[in-house]
Amino acid sequence: LCMMEKFEPVLMPEELRSKLLEWPYFIIDLYHWNKHTQKEKGKVCLQVSQSYGLLRDYFTGRELAVTWANDEFERMFKGPIDRITLYAGPTAEFLRENDIDEVVLLDPWAEEVLSEKDFDVGAFIIGGIVDTGGNKKKTTPKIGEELEKAGIKVRRRKIVLKGDVVGVPDRINRILGIILKMMVEGKSMDEAVYEFQ
Ligand code: SAM
């Protein structure tokens, strides 16, 4: 008992500890993989690697999950494949296996802006989409529709700068970085966006 008392003070503050234990998944959803050119697929892979790097700054990197990850992705991905969570099947299945029934989908077309109230979900989903051609307009909401069809509750949320999506970088890793700055460092959305511009 004496030992336990002695060790108690070195534990993290309760709030921080519970936050760490309930750390959500950050899912990059490759549902639209085949709409990309080879060059764009390469960019998706690079942005996934960079996302891993960002998460490593705060946590282990395992919180990064890539869903619909097919063989071609695995071949093209040059990052540490065994240090992230890969899932070859649908995102909804991955969520169910992890007992997650509600998610935040980062979606530039959403009505509502992401806020602190959204930080309690089990997973954040970012579309594994790179736009260089103009053939992928409104593909993010499609990811949400697929999840809803499978029975997942989806909060569609946008990131804005001074109220507008214009000026917000749309690279996958930068969107992740903005969420992390807000969630972990407690920065305002505008501050977080400025840091990733
Ligand atoms: N062409 C896609 C569309 O029209 O839906 C946008 C793809 S964007 C390059 C890649 C991903 O970053 C999106 O799927 C979304 O998850 C996220 N994203 C980009 N800008 C965002 C914003 N302003 N707010 C929330 N999420 C955003």
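Order of listing sets the numbers, starting from 1, for every ligand and every atom in it. Atom set for the values below is all heavy atoms of this structure, side chains included, hydrogens, waters and symmetry mates excluded.
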**Q.** Heavy-atom donor-acceptor pair, His36 side chain to Val130 backbone, under 3.5 Å
**A.** yes
Q | Proximity of Ile143 to ligand 1 by residue part, where a heavy atom lies under 4.0 Å | A | neither
Q | Leu95 backbone acceptor or donor facing Asn98 side chain under 3.5 Å | A | no
Q) Starting from atom 5 (O) of ligand 1, which protein heavy atom do you reach first, and at what distance in Å? A) Thr140 OG1, 2.6 Å
Q. Would you say Arg157 contacts ligand 1, with heavy atoms under 4.0 Å as the rule?
A. yes
Q) Short N/O distance, under 3.5 Å, between Asp131 and ligand 1? A) yes
**Q.** Lys138 N/O to ligand 1 N/O under 3.5 Å
**A.** yes
(Q) What I want to find out is whether Glu145 reaches Lys149 closely enough, with some N-O distance under 4.0 Å, to be called a salt bridge. (A) no
Q: Below 4.0 angstrom from a heavy atom of Lys158, which ligand 1 atoms are there? Numbered from 1 as shown, please.
A: 24 (N), 25 (C)
Q | ligand 1 to Leu106 polar contact by distance, N or O atoms, under 3.5 Å | A | yes
Q | Proximal ligand 1 atoms for Lys137, defined as those under 4.0 Å from one of its heavy atoms | A | 4 (O)
Q) Looking only at atom types and distance, does a side-chain atom of Glu63 sit under 3.5 Å from a main-chain N or O of Gly61, one as donor and one as acceptor? A) yes
Q. Short question: side chain of Glu185, backbone of Met182 - any donor-acceptor pair under 3.5 Å?
A. no
Q) Considering only heavy atoms of Lys136, which atoms of ligand 1 have at least one such atom less than 4.0 Å away? A) 1 (N), 2 (C), 3 (C), 4 (O)
(Q) Below a 4.0 angstrom heavy-atom separation, can you tell me which part of Val168, side chain or backbone, both or neither, approaches ligand 1? (A) side chain
Q: Using a strict 4.0 Å threshold on nitrogen-to-oxygen distance, state whether Lys35 and Asp131 make a salt bridge.
A: no
Q.
Check whether Trp109 forms a cation-pi arrangement with Lys158 (NZ or CZ under 6.0 Å from the six-membered ring centre, at most 45° off the ring normal).
A. no
Q. Any idea which of Ile175, Ile159, Ile178, Asp170 brings a heavy atom closest to atom 21 (C) of ligand 1?
A. Ile175
Q. Counting from 1, what ligand 1 atoms have a heavy atom of Val165 closer than 4.0 Å?
A. 23 (N)
Q) Between the side chain of Arg96 and the main-chain N/O of Ala150, is any donor-acceptor distance below 3.5 Å? A) yes
Q.
With nothing but distance in play, are any N or O atoms of Gly127 less than 3.5 Å from an N or O of ligand 1?
A. yes
Q) Between Glu195 and Lys181, does at least one N-O distance fall below 4.0 Å, as a salt bridge requires? A) yes
**Q.** Nearest protein heavy atom with distance in Å, relative to atom 10 (C) of ligand 1
**A.** Ile129 O, 3.4 Å
